[in-house]
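Computation of the quantities below employed the complete heavy-atom set of this structure, encompassing side-chain atoms and omitting hydrogens, waters and symmetry-equivalent molecules. Whatever order the structure lists ligands and atoms in, that order sets their numbers, starting from 1.
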Amino acid sequence: MPRASHAPRAAAFFSEQPPRLRISAPGRVNLIGEHTDYNDGFVMPVATEQALFIQAAPRRDDRLRVGSAAMDQTIEATLEQIAAARAATIASARVAPRPFDAWPTWAAYVLGVAAMLLDEGVAVAGADLFIDGDLPLGAGLSSSAALDCGVALALTTLVGSNIDRVRLARLCRTADHRYVGTPCGIMDQFACLNCRAGCALILDCRDLSFEHVPFPTADVAILIADTRVRHAHAEGAYARRVAECREATRILAARRPDIRSLRDATPDDLRAAAPDMSDAVRRRAWHVIDENRRLHRFADDLRAGRLETLGETLAAGHASLRDLYEVSCRELDDLVDVLCRAPGVLGARMTGGGFGGCVVALVRPAAVAEVQDRLKSEYDQTHDRPARTWVTLPSAGATVTVLE
Ligand code: GLA
């Protein structure tokens, strides 16, 4: 069934009807709370100014036709084909191969969201979608969640259904599990849909309650630095971390049955159970337990305007991801190192899943240009790929604009 061809530019793409909607779906950069979401813990992302844009038009038939400017591809499937693929997935108890494996990866996300809407009994109709934007793809700023969420918003808005954004985030996350096979947490989808401009979002990943905490944008700039490296073992290693955390939870729960996830465990619980754990499993659990505590400290400092101490918490978070969770890499460590030595930088750490991708740094606004110069002289000179940097304001979650 896969059908992919080159994508024409947006104007030529909409041959049947002009676009009716324009969705802007941002990426996210997580300030603190890494690898805690799938442990029922806490995360603190901000949405980036960089976003995917999706223009959407209804069709008269039941085809989903989707063009990607970045991939220079157009894919097409009928809703009947998507429905058949989802029925097969459910019948085979969701094991590999997944129904959209033969499609380009980006298309599997799009079709997975459509299939998931059908699974949830949400109406979907034929549509033309055209995707472009300035969010870098595959850089660890959560472009795949932006794609999920943007497509979900486009398809539901086109048929006039107004789904609550908490439900929509959950639905997109489950689509990734079921139809793409990534065992991700809910942070990225939730951030894309629910962040607020000027604020960091604190999300409790257990009950999905959240709070918007004003970010001091006049005093602190958020600098993102991309290693432009993505190590090939990243996906397998992510899935292994998820499994190790489950194993830690199982061992902890043998002593305290009310521990349902690492979020429920205290340092004392872990000390008591540590002899029953492998070294790796114990270190993963330490990271998660400490990282949730770091997030609360960071949040308190943010609320109280104690900006200087934010950096210490970021540094401790990076050390833990490097040494205990073991998801950093040389490029990320080197970038953090150069950034932390630069005047005007409050602190820096790797952000997102790890094994490449980006570092987030909190920088005094007046020092940003100098910090960028320093990266050129102290990082770019000694690495194969020069780092790419952006400054972002904490931005709003996805927006829908009705055209016409
Ligand atoms: C990836 C996943 C998220 C989260 C982070 C690590 O971005 O998609 O759910 O687990 O890694 O914090």
- Any N or O of Gly185 closer than 3.5 Å to N or O of ligand 1: yes
- Are any of the side-chain heavy atoms of Arg173 and Met116 separated by less than 4.5 Å? no
- Around Arg230, counting heavy atoms of other residues, nucleotides and ligands shown, do more than 12 lie under 6.0 Å from its CZ? yes
- Message: For Arg263, run the salt bridge (Lys or Arg N to Asp or Glu O under 4.0 Å) check against Asp269, Asp204, Asp40, Asp207 and tell me which one passes.
- Response: Asp204
- Record the part of Arg28 in heavy-atom contact with ligand 1 below 4.0 Å; permitted values are side chain, backbone, both and neither. side chain
- Query: Around atom CZ of Arg364, are there more than 12 heavy atoms of other residues, nucleotides or ligands at under 6.0 Å?
  - Reply: yes
- N or O contact, Asp188 vs ligand 1, cut-off under 3.5 Å: yes
- 4.0 Å heavy-atom contact, Met350 with ligand 1: no
- Using a strict 4.0 Å cut-off to heavy atoms of Tyr38, name the atoms of ligand 1 that fall inside it. 10 (O)
- Protein heavy atom at shortest distance from atom 5 (C) of ligand 1: Met187 CE, 3.8 Å
- Item | Flag for Gln189-Asp176: side-chain donor and acceptor within less than 3.5 Å | yes
- Query: Does any N/O atom on Glu34 come nearer than 3.5 Å to any N/O atom on ligand 1?
  - Reply: yes
- Has ligand 1 got any nitrogen or oxygen that is less than 3.5 angstrom from a nitrogen or oxygen of Asp37? yes
- Message: Which residue in the set Thr48, Thr351, Asp188 passes side-chain hydrogen bond (donor to acceptor under 3.5 Å, both in side chains) when paired with Arg28?
- Response: Asp188
- Query: Counting only heavy atoms not in Arg385, do more than 12 sit closer than 6.0 Å to its CZ atom?
  - Reply: no
- Task: Look at atom 10 (O) of ligand 1 and say which protein heavy atom is nearest, naming residue and atom and giving the distance to 0.1 Å.
- Result: Tyr238 OH, 2.6 Å
